[in-house]
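For reference, the structure is listed below as C-alpha cells.
Remember, it's 1-based here, ligands and their atoms both numbered in the order they're listed. Residue numbers count from 1 along this sequence.
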Amino acid sequence: MTTVFGVDIGGSGIKGAPVDLARGELAEERYKVLTPHPASPEAVASAVCEVVRHFGHQGPVGLTFPAVVVGGHTRTAANVDQGWVGLDAQELFRQALDLPTVVLNDADAAGLAEITYGAGRDQGGVVLVLTFGTGIGSGLFVDGVLVPNTELGHLELRGKDAERRASAAARERHDLSWAEWAVRVDEYLDLVERLFSPQLIVIGGGVSRKHEKFLPLLKQREAAVVPARLRNDAGIVGAAMAAAKAG
Ligand code: BGC
C-alpha cells in the first residue's frame with residue numbers, strides 16, 4: 001500500500017509525517033521545522049520540501065493551510081503572508097515536491113481526523129471542531145459530512161474578530177489566567193452555540209494538550225464540550241485522509 005503523507009502548516013511550525021490511515025495515527029514520529037518569516041509561498045514551499053524529504057516520501061501528500069482553501073487555491077490570509085491570497089497553493093506544492101498534492105483548511109483537516117478516529121467518532125447531527133491556536137479554526141460537520149471553510153474564528157465578538165479575543169494566542173498576548181481566558185472562550189462558545197446548536201463541540205489545537213487547565217472552568221451548556229483526542233496530530237492525519245481520498 002502507498003503511504004500517504006500529511007503536512008500541517010501553522011503560523012509557528014510546519015510538521016509532517018507518514019500516516020497510518022487504518023489506525024488514524026502517525027506511522028513515524030513527526031518532523032517539524034519552524035515556519036519561515038516572512039511566510040512567503042516560496043519559503044513555505046521549500047520548508048515543506050524539507051519535511052517531506054526528511055522521510056524520503058514518495059506518494060500523495062495532503063497539506064493543511066490556515067486559510068480558506070477552495071479547489072486548492074488559498075483565498076484568504078488572516079495570520080499569514082498576503083502573497084497567499086488567490087494563489088494556486090496545491091499547484092505550488094505539487095511542483096515543489098513533484099508529488100500529487102491536496103491542500104485544505106487546517107481546522108477542516110483536524111475536524112476530519114477527529115470525526116473519523118477521535119472525539120467525534122460515530123457522532124451524528126451537528127458537530128463543531130474548534131482549534132485554538134494563533135487563530136481560532138472551525139470544522140463544521142453534519143452527520144459526519146464536512147461543511148468546509150466555515151471560518152468561525154472571524155465571527156464578531158464584542159466588536160472584534162472573535163479570534164483576537166479568545167484564541168490561545170490572545171491568552172498569551174494579554175497575559176490572561178486560565179480562568180480569565182475561560183470566560184472569553186465561554187462567550188465565544190455561547191455565540192457559536194446560538195448560531196449552530198451543535199450536539200458536540202470538540203476543542204482542538206495546541207492548547208488541547210492542556211485541556212485539564214481550562215475545560216473544567218467552562219460553564220455547562222447544551223452541547224457536550226470535549227477535548228480533541230488526536231491532539232496536535234489531527235491536522236497531519238486529516239491532511240493525509242484528504243490526500244488518500246483524492247488519490
Ligand atoms: C484562519 C482560518 C484558520 C484558523 C486556524 C484563522 O485565522 O482564517 O482559516 O483555520 O485561523 O488556524
Side-chain angles (χ1 to χ4, degrees), residues 6-16 32 34-39 41 44 47-48 62-90 93 102-115 120 127-141 146-157 160-173 181 184-185 188-189 191-192 195-196 201-209 227-228 230-239 241-242:
V7 180
D8 195 11
I9 301 174
S12 57
I14 297 176
K15 46 201 197 240
K32 176 176 171 176
L34 293 180
T35 305
H37 285 289
V44 170
V48 163
L63 304 109
T64 76
F65 200 77
V68 172
V69 186
V70 180
H73 290 67
T74 39
R75 289 207 179 157
T76 58
N79 290 309
V80 285
D81 191 87
Q82 295 303 309
W84 291 89
V85 179
L87 187 78
D88 188 346
Q90 199 156 292
F93 293 125
V102 169
V103 183
L104 76 166
N105 171 264
D106 56 354
D108 286 348
L112 283 172
E114 287 295 332
I115 277 281
V127 176
L128 195 53
V129 179
L130 297 172
T131 61
F132 289 79
T134 310
I136 298 177
S138 58
L140 178 66
F141 292 83
L146 172 68
V147 182
N149 295 307
T150 43
E151 294 288 314
L152 302 183
H154 300 298
L155 288 173
E156 191 178 312
L157 192 63
K160 272 194 189 172
D161 221 22
E163 67 178 22
R164 305 289 307 161
R165 271 190 70 78
S167 65
R171 185 181 73 82
E172 285 165 17
R173 203 168 44 239
W181 185 59
R184 293 185 177 205
V185 173
Y188 177 65
L189 297 183
L191 178 61
V192 293
L195 290 169
F196 298 101
I201 300 176
V202 179
I203 306 286
V207 79
S208 65
R209 260 180 295 131
L230 285 87
R231 306 277 186 267
N232 229 359
D233 290 338
I236 298 177
V237 173
M241 288 172 66

Task: Nearest-contact summary for atom 6 (C) of ligand 1 - protein heavy atom, Å - done: Glu163 OE1, 3.3 Å
Task: Value rounded to 0.5 Å, distance of CG in Leu155 from OG1 in Thr150 - done: 9.0 Å
TODO: Note the single closest protein heavy atom to atom 9 (O) of ligand 1, along with its residue, its atom name and the distance in Å.
DONE: Glu151 OE2, 2.5 Å
Task: Ligand-side contact atoms (ligand 1) for residue partner Ala67, heavy atom cut-off under 4.0 Å - done: 9 (O)
Open item on the list: Taking Asp106's backbone N and O only, do any of them form a donor-acceptor pair with Asp8's side chain (distance below 3.5 Å, no angle check)?
Closed with: no
Task: His154, any N or O under 3.5 Å of ligand 1 N or O - done: yes
Task: ligand 1 N/O within reach of Ser138 N/O, cut-off under 3.5 Å - done: no
Task: More than 12 heavy atoms from other groups under 6.0 Å of CZ on Arg164 - done: no
TODO: Might you point out which heavy atoms bring Leu191 and Glu156 nearest each other, and give the distance in Å?
DONE: CD2-O, 3.5 Å
- [ ] Could you check which of Asp106, Thr74, Ile9 puts a non-hydrogen atom nearest to atom 3 (C) of ligand 1?
- [x] Asp106
Open item on the list: In this structure, does ligand 1 have an atom that sits under 4.0 Å from one of the heavy atoms of Asn149?
Closed with: no
Open item on the list: Polar contacts were defined as any N/O atom of the residue lying under 3.5 Å from an N/O atom of the ligand; does this apply to Asn79 and ligand 1?
Closed with: yes
Open item on the list: Taking Val103's backbone N and O only, do any of them form a donor-acceptor pair with Gln90's side chain (distance below 3.5 Å, no angle check)?
Closed with: yes
TODO: Using modelled atom types only, decide if a donor and an acceptor are shared between the side chain of Thr35 and the backbone of Ser12 within a distance under 3.5 Å.
DONE: yes
